[in-house]
Amino acid sequence: MAYTSSKQKAAKADSSPQGMWSSRWLFVLAAAGSAVGLGNIWKFPYIAGENGGGAFVVVYLGCVLLMGIPIMVAEVMLGRAGRGSPVHAMRNLAGAAKASDFWQLVGWLGIGAGFLILSYYSVIAGWALFYIWQMASGVLDAATPEFANNLFNTFLGNPLQLMFWHTLFMVLVVWIVSKGVVKGLETAIRWFMPLLFVLLIILLGYSAQSGGFEQGFNFMFGFDWSVMKLDGFLVALGQAFFTLSLAMGAIMAYGAYVPKDTSIFSTITTVALIDTSVAIAAGLAIFPIVFANGLDPASGPGLMFVTVPLAFGQMEMGVIFGTLFFLLVSFAAITSAISLLEPLLAYLVEEYNAKRARVATSMGVICWILGVGSVLSFNLWSDVHVAGDLTFFAFVDYVTQNIMLPLGGVLIAVFVAYVLPKSIVAEQLGLNGGVKELVWNVLIKLVAPLGVLAVFIYTLYITLYLPYLA
Ligand code: PFF
């Protein structure tokens with residue numbers, strides 16, 4: 001493993017203070033590790049279920065292709081050209097462009113959003129850890145829907161239990177991240193990602209023989225535009241961003257460790273392809289099980305935590321496959337959570353020359369404390385509304401996903417398209433006229449910023465204006 005020490009780094013120009021990925025493939029795994037997470041396996045199937053299946057899937061794929069990929073390419077490029085944490089990278093590049101220091105805000109937005117998201121992401125990932133344990137113990141064997149529902153609700157109602165699994169998850173993340181991004185991550189990712197794919201393929205194979213495959217397949221790929229509303233488009237775009245880990249500094253931070261000669265376009269296309277395949281595979285694994293058991297595909301966030309354990313509990317060898325499923329989800333969540341913490345750590349280490357392990361621990365503790373607010377939102381504080389009718393958890397989720405994320409996305413696209421010197425972009429992306437450059441320009445100058453801006457404005461409209469009309 002080619003971890004570069006600080007001294008070596010000083011001697012070597014154009015590298016990151018945190019080390020470099022030792023190969024293109026490791027960057028692909030790391031970025032895919034960040035992208036593939038609860039968003040793909042937990043969220044995608046349930047929101048596809050809620051938004052009518054096929055039509056939603058098509059819109060989502062369009063958003064990934066037209067807005068997600070260009071902004072992801074832009075982020076990696078900013079990280080690599082700026083060679084530093086998102087704040088440092090943006091500071092360096094704004095300097096190179098003789099632009100205002102204001103652009104650092106992109107880095108800060110990313111760091112802030114990542115940290116806030118991690119606080120609740122850890123809580124939900126803790127649920128997945130809890131279910132590994134539940135599935136393995138066999139309590140869900142031949143369980144009735146009432147039992148599965150009760151188990152989930154009783155679990156949600158117990159703050160100490162939620163806290164325990166939230167703590168365990170956070171400790172795991174801090175432990176891996178402390179080892180240094182390149183060293184810790186590469187080792188973790190080398191194991192997690194391939195294992196995750198193997199588990200998913202096993203699960204798909206199982207699902208294919210569950211008796212509901214055709215129905216599940218038709219649900220995911222059969223188009224019914226009549227069920228698609230404007231909100232569905234917005235949910236699809238938000239999901240495309242969340243699932244690709246965009247506008248949160250994560251991909252920019254990882255971009256800083258990408259060697260100079262790696263092709264960003266082909267790498268990012270591979271990452272987006274992996275991410276999308278996992279989401280589709282997760283849907284194809286879950287929906288047949290849902291249909292084979294006469295369950296409701298539109299049952300919302302509980303889809304994974306109530307219906308899937310129930311379905312596995314009803315099946316032969318369900319203990320093994322159910323345990324594997326939640327192991328898979330937890331692996332995916334860990335590699336995403338690592339990337340949520342990395343931008344902040346990179347900033348603190350670079351700015352204050354702080355010790356990585358110490359910073360990781362203290363930031364982990366603060367994030368854990370914030371997460372307690374989310375834990376309590378499901379029980380003791382379920383009636384406490386921070387804003388409107390939003391609990392603490394829903395508020396953090398709302399502000400990050402609907403405000404910080406699209407704002408960051410628009411700023412990134414605008415910076416790359418209109419502020420960053422063209423020579424830097426051309427050099428980073430290997431542009432030399434032709435169709436590739438034309439397509440890139442149309443996407444980054446028009447389609448991506450305008451598309452995301454539209455979502456942002458609509459979100460502000462429904463948040464700030466609609467309540468007054470009601
Ligand atoms: N992309 C991850 C998922 O789909 O679960 C979540 C995520 C990770 C979002 C890292 C943002 C991020 F920076």
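Counting starts at 1 for both ligands and their atoms, following the listed order.
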**Q** Nearest protein heavy-atom contact for atom 8 (C) of ligand 1: which residue, which atom, what distance?
**A** Ser245 OG, 3.3 Å
**Q** For ligand 1, which atoms have a heavy atom of Ala250 less than 4.0 angstrom away?
**A**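 Taking each heavy atom of Ala250 in turn, ligand 1 has 13 (F) under 4.0 Å.
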**Q** Distance under 4.0 Å to a non-hydrogen atom of Ser336: what atoms of ligand 1 satisfy this?
**A** 2 (C), 8 (C), 10 (C)
**Q** Which atoms of ligand 1 have any heavy atom of Ser339 under 4.0 Å away?
**A** 10 (C)
**Q** For atom 9 (C) of ligand 1, grab the closest protein heavy atom and report residue, atom and distance to one decimal in Å.
**A** Phe242 O, 3.5 Å
**Q** Hey, which atoms in ligand 1 end up nearer than 4.0 Å to a heavy atom of Ala35?
**A** 1 (N), 2 (C), 3 (C), 4 (O)
**Q** Looking at ligand 1, would Thr243 count as a contact under a 4.0 Å heavy-atom criterion?
**A**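 Per 4.0 Å heavy-atom rule, Thr243 contacts ligand 1.
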**Q** Can you report which non-hydrogen protein atom sits closest to atom 11 (C) of ligand 1, along with the distance?
**A**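 Of the protein heavy atoms, Met248 SD, 3.2 Å lies nearest.
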**Q** Give the atom numbers and elements of ligand 1 that come within less than 4.0 Å of a heavy atom of Asn40.
**A**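 Here the atoms of ligand 1 in question are 4 (O).
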**Q** Quick check on contacts: which atoms of ligand 1 are under 4.0 angstrom from a heavy atom of Ser34?
**A**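 Near Ser34, meaning under 4.0 Å from one of its heavy atoms, ligand 1 has 1 (N), 2 (C), 8 (C), 10 (C).
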**Q** Non-hydrogen atoms of Trp42 versus ligand 1: any pair closer than 4.0 Å?
**A**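 Heavy atoms of Trp42 never come under 4.0 Å of ligand 1.
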**Q** Is there any N or O on Leu38 that sits under 3.5 Å from an N or O of ligand 1?
**A**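 Min N/O separation from ligand 1 is below 3.5 Å for Leu38.
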